[in-house]
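Each remark here refers to the structure printed beneath this line.
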Amino acid sequence: MKYRVEQLETDVLIVGGGLSGALAALKVKEEGLDCVVLEKSNTKRSGNAGSGIDHIFSYIPELHEKVGYSMEEMKEEQAQFDLAGLGLGFRSLNDFFVENSYDRIIGLEKYGLKFRFEDSNVPGGYRVVPQFHSVPTSFNFEGRDIKPILTKEMEKSGVRIHNRVFVYELLKDEGKVVGAIGVCTRENIIYVVRAKTTILATAGGVDRLCKSATGVDFERFHSSSMNNGAGKVLAMNAGADIINMEYTLAQGGMEWLNWTMSAGCPGGTYWPCARIIDEDGNVIMERDIAFSPEDPNYKEKHQKQFARHLEGRKRVFEHLAAGELLYMDMAEATDDEIEYVKWSLSHEGKCNTLLANMDAQGISFKDIKIPYFYTNMVQTFVSCSGVYSNAKCETTVENLYAAGNEIAGVSNNSAPEAVVYGIEAGLQAAKKAKETECGGKVDTSQVAHVQQLVEGFYENEFGDKWLDIEHAIQNIINTFGTIPHSDIKCRTALNQLEKMEKEIHLHAENPHEINRCLDVMFILQTAKAIFLACENRKENLGPFIKNLNSNEPDKAPEDVEIYGLYKDGGTYKFHTIKADL
């Protein structure tokens, strides 16, 4: 089946139309430039925010200044999240986020998103709840339809949206990115887009690398089930650095049976109702409560409660790992508190389906106990891994920018960072586009290669099914991605992945399966990058363990080396990057 090539030109090309991509596009239009968005799904519900958001954290001056929690304190906490405290993050990125979080997140009100409520006792009229910081920093807001709303705004502003287009390669000329090649997965069209600047806004997740804890294909925790590592692969293949890929895999975790969207329970979306109990009803983790901003001890009380919360989560994990059964329980909650949680759930990703099922069966949260279980499966963990960028979202290849969750070195990278760095990427890419006369030349052989690839999927009548190959990759991850890592396991995995890469002949029945075939090729390349990075790092550091017998303490953050991985002429190369502590 033959594909026709369609040429497009624009000032700024955005790969991915999720939360960060949509906000980047709107910023480009505010700057008066033309913008094309290529989205492999549909921008109305694509990306990690596609099914909604109910929490988004920020520094909130009206509240935090009143209770004595400074912006500098939030910066310090942000700098210690996840891997950043080990020296694997970038202080400049985290500080920039905190400094710009409030204006950019509350700026979403101009699109009609509701952040203020008449029943609030918080300065500014916000609903603010505890989540990741020592005092409450998370706006509780009505974000169920954030993506349809932003899609409508993009359409009104003149953004040229092309849905169902899978971007497979970036175009380069004289060492600069000059656009991309995308494959339509509804019609037989290959889009060749020339652009002055290009933004990668591809969600940052790599969830498809691992099997779901429920055993159901595409059933994933909060993030989109489409996450395949695309931005990392596109950047790496174009010669841009990706970093911290050895930290992409983790092992062991707690889940709800047959439902991976626990939404931070017993905190998060289930605040303030949920607690965790054992089979005998003993409380293993108490529920959190709210303190009034008028309380002179507000900050101290919340910080003590937060410390207790962290200890409780650790205790829960220990009980589950020991084989005990634990349950989420709301028996103590008032009716008003449960209604509040139901409101939160109605806006948080995927959780509206839980509410709908409970309502259909006449089940009340007061009457049920939801079981947790411990899984020892290999899972993905992407904090601080991704495309190496500075606070202007510039990558190590000229005219290529990263947005939102694709940016590496940012702590707890999620919806708030997607907002802040989506807008920033749009601003900086627009500035550069204004200084650039035109996009570069298109390498026609590159276009021909992609065309031959996708047409070949149809011709391989007796070729491999994409889902069989995806399962095979997941089996390699689950077998050789276990902790501790070792050079032997990494090399064995790489040999199997390289053999698969050479020998597979994927077959597609229709344009939709073309999407899945391209997905699998990105998943495979992401897996290779991870095992190469695990092989490259030699010493234990934080959750990365290679030598169980080592008693050496972790290096001081200022001495930690970050390894950049990129491709040069088809060869994978590493070099050392220092964090800006």
Side-chain angles (χ1 to χ4, degrees), residues 17-19 22 41-57 105 108-109 111-117 119 126-129 131 138-153 203 205 207 212-214 216-227 255-274 328-330 333-372 405 414-416 418-419:
L19 181 57
S41 297
N42 186 303
T43 60
K44 288 182 180 178
R45 287 293 179 188
S46 64
N48 293 339
S51 54
I53 317 170
D54 76 317
H55 290 97
I56 191 164
F57 62 81
I105 289 170
L108 297 174
E109 287 184 311
Y111 302 124
L113 290 158
K114 187 175 181 179
F115 280 80
R116 302 174 200 260
F117 302 88
D119 63 357
Y126 308 120
R127 292 176 176 173
V128 182
V129 298
Q131 199 171 14
S138 289
F139 290 112
N140 214 177
F141 77 112
E142 294 187 347
R144 161 74 180 148
D145 291 325
I146 189 169
K147 286 304 311 303
I149 288 168
L150 293 178
T151 294
K152 187 175 181 180
E153 292 295 328
D207 305 79
S212 166
T214 64
V216 179
D217 289 318
F218 296 98
E219 213 298 274
R220 294 292 184 268
F221 177 66
H222 190 297
S223 55
S224 166
S225 58
M226 299 294 104
N227 288 347
E255 302 278 0
W256 284 0
L257 188 63
N258 296 327
W259 176 249
T260 59
M261 187 52 197
S262 56
C265 188
T269 303
Y270 291 86
W271 181 92
C273 291
M328 186 278 283
D329 171 67
M330 290 192 185
T334 67
D335 290 342
D336 286 344
E337 287 173 334
I338 287 178
E339 286 304 310
Y340 186 91
V341 167
K342 289 172 72 174
W343 167 78
S344 292
L345 287 167
S346 72
H347 290 282
E348 177 66 339
K350 302 181 184 178
C351 291
N352 61 305
T353 59
L354 176 65
L355 288 178
N357 280 313
M358 290 179 65
D359 287 344
Q361 297 179 56
I363 298 171
S364 165
F365 275 117
K366 275 205 169 185
D367 300 331
I368 61 167
K369 295 176 175 58
I370 300 178
Y372 281 93
N405 303 155
S414 53
V419 172

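Side chain of Asn405 to backbone of Ser414: a donor-acceptor contact under 3.5 angstrom is found. Although no hydrogens or angles enter the test, the distance criterion places no donor-acceptor pair under 3.5 Å between the side chain of Asp54 and the main chain of Arg144. The backbone N or O of Asn42 sits nowhere less than 3.5 Å from a side-chain atom of Lys147 that would complete a donor-acceptor pair. Although no hydrogens or angles enter the test, the distance criterion places a donor-acceptor pair under 3.5 Å between the side chain of Lys366 and the main chain of Ala333. The main-chain N or O of Thr43 is found under 3.5 Å from a side-chain atom of Thr151 such that the two form a donor-acceptor pair.
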Practice item. Would you please test Tyr340 and Trp271 for side chain to side chain contact (heavy atoms under 4.5 Å, CB included) and show each step? Key: CA-CA 9 Å; Tyr340 186 91; Trp271 181 92; 4.2 Å; yes

Exercise for review: I would like to know whether Leu355 and Phe365 meet side chain to side chain contact (heavy atoms under 4.5 Å, CB included); could you show each step before the answer?
Suggested key: CA-CA 10 Å; Leu355 288 178; Phe365 275 117; 4.0 Å; yes

Practice item. Take Val419 and Leu19 through the test side chain to side chain contact (heavy atoms under 4.5 Å, CB included) and record every step on the way to the result. Key: CA-CA 7 Å; Val419 172; Leu19 181 57; 4.0 Å; yes

Exercise for review: Please lay out, stage by stage, how Ile53 and Phe141 fare under the test side chain to side chain contact (heavy atoms under 4.5 Å, CB included).
Suggested key: CA-CA 8 Å; Ile53 317 170; Phe141 77 112; 4.1 Å; yes

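Taking OG1 of Thr353 as the reference point, atom CG of Leu345 lies at 10.0 Å (rounded to 0.5 Å). The distance from the CD atom of Glu142 to the CG atom of Leu113 is 9.0 Å, given to the nearest 0.5 Å. Gln131 contributes atom CD, which lies 7.5 Å from atom CZ of Phe57 (distance to the nearest 0.5 angstrom). Note that the CG atom of Asp367 and the OG atom of Ser364 stand 4.5 Å from one another [nearest 0.5 Å]. In this structure, CG on Asp119 lies 10.0 Å from CG on Asp336, to the nearest 0.5 angstrom. Interatomic distance, NZ of Lys350 versus CD of Glu348, reported as 10.5 Å (0.5 Å rounding).
Residues Ser346 and Asn352 share a closest heavy-atom pair of O-CB, 4.2 Å. Nearest heavy atom pair, residue Gly349 against residue Ser51, reads CA-OG, 3.2 Å.
Across Met328, Met358, Met330, a single residue satisfies side-chain contact (heavy atoms from CB on, under 4.5 Å) together with Ile368, and that is Met358. When Lys114, Arg45, Lys44 are each tested for a salt bridge (charged side-chain N to carboxylate O under 4.0 Å, His left out) with Asp145, only one passes: Arg45.
In this pair, Phe139 and Phe115 present their aromatic rings perpendicular. The plane angle is above 60°, beyond the 30 to 60° band.
At a threshold of 4.5 Å between non-hydrogen side-chain atoms, the residues Trp343 and Asn140 count as touching.
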